[in-house]
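All ligand and atom numbering here is 1-based and tracks the order in the structure.
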Amino acid sequence: MMTKNPTVLKWLSEIRELVQPDKEMWITGEEAQLEELRKEAVATGEMIKLNEEKLPGCYLHRTKPNDVARVEDRTFICSRKKENAGPTNNWCDPQEMYKRLYDIARGTYRGRTMYIIPFSMGPIGSPLAKIGIEVTDSIYVVLNMAIMTRVGTKVMETLGDSNDWVRGFHAKCDVDPEKRYICQFPEDNTIISVNSAYGGNVLLGKKCFALRIASYQGWKEGWMAEHMLILGIENPKGEIKYVAAAFPSACGKTNLAMLIPPKYLRDKGYKVWTVGDDIAWMRIGPDGRLYAINPENGFFGVAPGTNEHSNFNALASTRKNTIFTNVALDLDTNTVWWEKLNENPPKHAIDWRGNPWDPSKYDKNDKLSAAAHPNSRFTAPAVNCPCLSSEFNSTSGVPISALIFGGRRAKLAPLVYQAKDWAGGVFVGASVSSETTAAAAGAVGVVRHDPMAMLPFCGYHMGDYFTHWLEMGEKLGDKAPKIFHVNWFRQDENGNFIWPGFGDNMRVLNWILDRCEGKADAVETAIGYLPHPEDIDLTDLDMDRETLASILTVDKDAWLAEMDGLSEYFDKFGDRLPPSFRERIASIRKDLQ
Ligand code: GTP
Ligand code: SPV
Ligand code: MN
C-alpha cells in the first residue's frame, strides 16, 4: 500500500472490484522492480530482449496488426453537455459511457495483475507539473510509462492527501477493435481506455492526459497544453532563445526538436538543445512572458525515416534502454531495423506482424508490406538524448520567444511566414491544414483541417479553445511570443520535396529569431510577412534563389480558394467561433484581390 490518500483508495477499490485482479502491484519506480517486470515480459513473449552488446537494455514489442495507431473515430470527450465537446470531438453522455466501459472491462483482470502506476507529468513537485495514476493490466504499458513519465513512490509522497490527480484506467481486454474506446471525462479528471495496447491509446499520461484533459484544465486555469515541441537555439554569443512548434502527428516535431544545424552554422557556434518533442505546457511567468515545460520524460518517436543523417540525436537516444514497437527484428544480429534506417535491409528478418520478411517482396506502393509498420515507434528515455537541454528538468520552464505552426502541404503554404500580430497568429494556427499520416488509423495523405495540430487532442469545444488562445494573448500583451507558420513539405511536379528540410530547417529558424529581434526584413503580404528570398541563408546548399523564391510566394487564386474552404470549415464552430476570424478572412480576401 503506497498511500493513505482517501480519494486514491476509494477509486482503486472501485476499479479493483470491477476488474477482479488476481494480484496487485504498485509501481515504485525502483530499477529492481522494473527489471523483474522486463524478465516476466520476456518470459511470456510480450517483449523480445535485443542484443545486449549492440542495444543494451533494449526490447522489441509487437502489437496486434489491428492495433497500431491512435483511433480517432473511437476517441470520445465525455463532457456532461454535448455542446462542450464541440463539433470536432466524438461525444457520449458520461453516465452512459461509464456504464458501457465498465461492462466491457468487468472481470477482465481475472488471472492477471493490476499494476498501479503513480506518475508525474512534468518534474516532480514543479508548480507546472500534474499528477496521475494509471491502472493497467499490461507490463508493456508499465515499462513505457516508466520511460515516458516520472513514476513511483515520490509521486505519491508529493500528492499527499490531495484530490488534484488524474484517474487513468486501462484494460487491454481482448484488443477487440469493435469494442475499443479511448474516453476522456474532463469534468471528472478521468480517462478510460479499453481494448487497445498501442502507444497513444494506452500510455494515458501522453495524449489523453497531457493534451485532452490538460487542455481543458488549462482553459479553466489560465494556461495552455499544446501539441508542441520545445527547443533552444544557442547563438555564437552563447545566448539561448527558445521556440515551441506545433505540427500534426508525424509531421516533424521530433526531427525539428533534435536538429543538427548545417556545418557552416555549427562552425560559427550555433547549437540546438532539445526540451521536448511532442507536448508543451505553457504558463505566464512572473515576468509576464510565456514559459514552457515538457511534461514528458522520454520520446515516443516515429522510427521509419530516422537515421544517422536525418536525425542523429533521435537515433542516438534509442541505443540503450529503449522499447521498440512494431519495427522489424534482424535475426542475424538480434537488433532492430526499419525503412530508411540504412541501405542494408536485413537478410533474415521478422516483420512488424511477426512474419518472416523478404526484402525482395517489398512493394513500394503497399506501405504495409514494409518490414516496420509506418507508425512503428521507439520509446527512449530523454536522458539518452545527446542534445538534451540543461533546462529539461527546470521546474519553472523556459521562456518562449516564438511559436510556430506547421503542416504537411505539398502545395500552397509557403516555406515560412510570420503572422502580423498575436490574434493574426491565432488565426494562422486555427487555419492549419495538413495531410493525414500513419499516426492515426485511416486514410493517409488526405489534406484536412487540423487547428493548432490539436484536432485529435482538444478536450473541449474548439471555438472556446480559439477564444482561450486570444485571451492568453491579451494577458501577454507586448511580451507575447511572435507567431509563425512553416511548411517543410512543398513538392515539385514529380512529387519531390523542394526544401531539403531536417537540419537545414535551422536556416528558417534563424530568420524567425531575427524577426523576433527586429533584425530581419520581410515582405508584407495578405497572409503575413514573408522573407525576401535573399533573407534565407543558402550557404553550402544545392538550391538556387529561384527555387527558394518559388516556395516563398502567395498564389492569389489558391489562397482565395483556401479562404473559401476555411470559411466553410469555421461554420461548424457556430457562435463559439471568435468573430475576429470572420473579419480576418474578409480582410485577407480584400488584400489578395
Ligand atoms: P508525432 O510523434 O506523431 O507527434 O510526430 P512528429 O511531429 O514528432 O514527427 P517526426 O519528427 O517523427 O517526423 C515524422 C516524419 O516526417 C518522419 O518520417 C520524418 O522523416 C519526416 N520529416 C521530419 N522532418 C522533415 C523535414 O524537414 N522534411 C521532410 N521532407 N520530412 C521530414
Ligand atoms: C501522435 O500521434 O501525435 C504521437 C504518437 O505523438 S501517439 O502517442 O500514439 O499519440
Ligand atoms: Mn504527437
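Looking at ligand 1, you won't find any N or O of Trp488 less than 3.5 Å from one of its N or O atoms. Residue contacts with ligand 1: Gly252 is placed with a nitrogen or oxygen under 3.5 Å of a nitrogen or oxygen of the ligand (distance criterion only). No N or O atom of Lys206 sits closer than 3.5 Å to an N or O atom of ligand 2. Close N/O approach between Phe489 and ligand 1 is not found [any backbone or side-chain N/O within under 3.5 Å]. Considering backbone and side-chain atoms alike, Gly305 places every N or O at 3.5 Å or more from each N or O of ligand 1. In terms of polar-atom proximity, defined here as any N/O pair under 3.5 Å, Ser249 does make such a contact with ligand 2.
At a cut-off of 3.5 Å, with distance as the only test, a side-chain donor of Ser196 or Asp67 sits close to an acceptor on the other residue. Of the N and O atoms on the side chains of Asn344 and Trp337, not one donor lies less than 3.5 Å from an acceptor on the other residue. No hydrogens or angles considered: a donor-acceptor pair under 3.5 Å links the side chains of Asn326 and Thr63. Side-chain polar atoms of Arg74 and Asn195 form no donor-acceptor pair below 3.5 angstrom. Asn144 and Thr379 share a side-chain donor-acceptor pair at under 3.5 Å.
With a heavy-atom cut-off of 4.0 Å, Pro304 touches ligand 1 through its backbone alone. Residue Pro248 touches ligand 1 through its backbone alone, judged by heavy-atom distances below 4.0 Å. With a 4.0 Å heavy-atom cut-off, ligand 1 is reached by no atom of Lys340. Proximity of Asn311 to ligand 1, defined as any heavy-atom pair under 4.0 Å, is not found for any part of the residue. At a 4.0 Å heavy-atom cut-off, ligand 1 touches Cys251 through the backbone alone.
Note that CD of Glu308 is 8.5 Å distant from CG of Leu341, once rounded to the nearest 0.5 Å. Rounding to the nearest 0.5 angstrom, the gap separating the CE atom in Met148 from the CD atom in Glu296 is 4.0 Å.
Counting only heavy atoms of the protein, atom 1 (C) of ligand 2 lies nearest to Lys207 NZ, 2.8 Å. Closest to atom 7 (S) of ligand 2, if we only count protein heavy atoms, is Gly200 CA, 3.6 Å. Regarding atom 11 (O) of ligand 1, its nearest protein heavy-atom neighbour is Asn255 ND2, 2.8 Å. Closest protein heavy atom to atom 26 (C) of ligand 1: Phe502 N, 3.6 Å. What sits closest to atom 2 (O) of ligand 2 on the protein, heavy atoms only, is Arg70 NE, 2.9 Å. Atom 1 (P) of ligand 1 has its closest protein heavy atom at Ala250 N, 3.4 Å. Closest protein heavy atom to atom 6 (P) of ligand 1: Lys253 N, 3.3 Å. Scanning the protein for heavy atoms near atom 16 (O) of ligand 1, the closest one is Arg408 NH2, 3.1 Å. The nearest heavy-atom contact from the protein to atom 2 (O) of ligand 1 is Arg377 NH1, 2.8 Å.
Distances below 4.0 Å separate heavy atoms of His227 from the following atoms of ligand 1: 4 (O). In summary, the atoms of ligand 1 found under 4.0 Å from a heavy atom of Val302, numbered by their order in the structure, are 12 (O).
Restricting Asp278 to its N/O/S atoms, the shortest distance to the Mn ion (ligand 3) is reached by OD1. His227 contributes NE2 as its N, O or S atom closest to the Mn ion (ligand 3).
The aromatic rings of His373 and Trp352 lie perpendicular to each other, with more than 60° between the two planes, well past the 30° mark. Classified by interplanar angle (parallel below 30°, tilted 30° to 60°, perpendicular above 60°), the ring pair Trp281/Phe209 is tilted.
Within the 3.5 Å criterion, the main-chain N or O of Ala413 finds a donor-acceptor partner in the side chain of Asn487. Asp176 contributes no side-chain N or O that, together with a main-chain N or O of Arg180, makes up a donor-acceptor pair within less than 3.5 Å. Of the possible polar contacts, none joining the Arg515 side chain to the Tyr417 backbone as a donor-acceptor pair under 3.5 Å is found. With Arg212 contributing its side chain and Pro456 its backbone, the two residues share a donor-acceptor pair below 3.5 Å.
Not a single heavy atom of Lys253 lies less than 4.0 angstrom from ligand 2.
Of the residues Trp219, Trp223, Phe405, the one that meets the ring-ring contact (aromatic ring centres under 6.0 Å, His included) test with Trp469 is Phe405.
A cation-pi arrangement is not found for Arg490 relative to Trp488, the charged atom failing to lie both closer than 6.0 Å to the ring centre and inside a 45° cone about the ring normal.
For a distance bound of 2.8 Å, the N, O or S atoms of Lys207 include one lying that close to the Mn ion (ligand 3).
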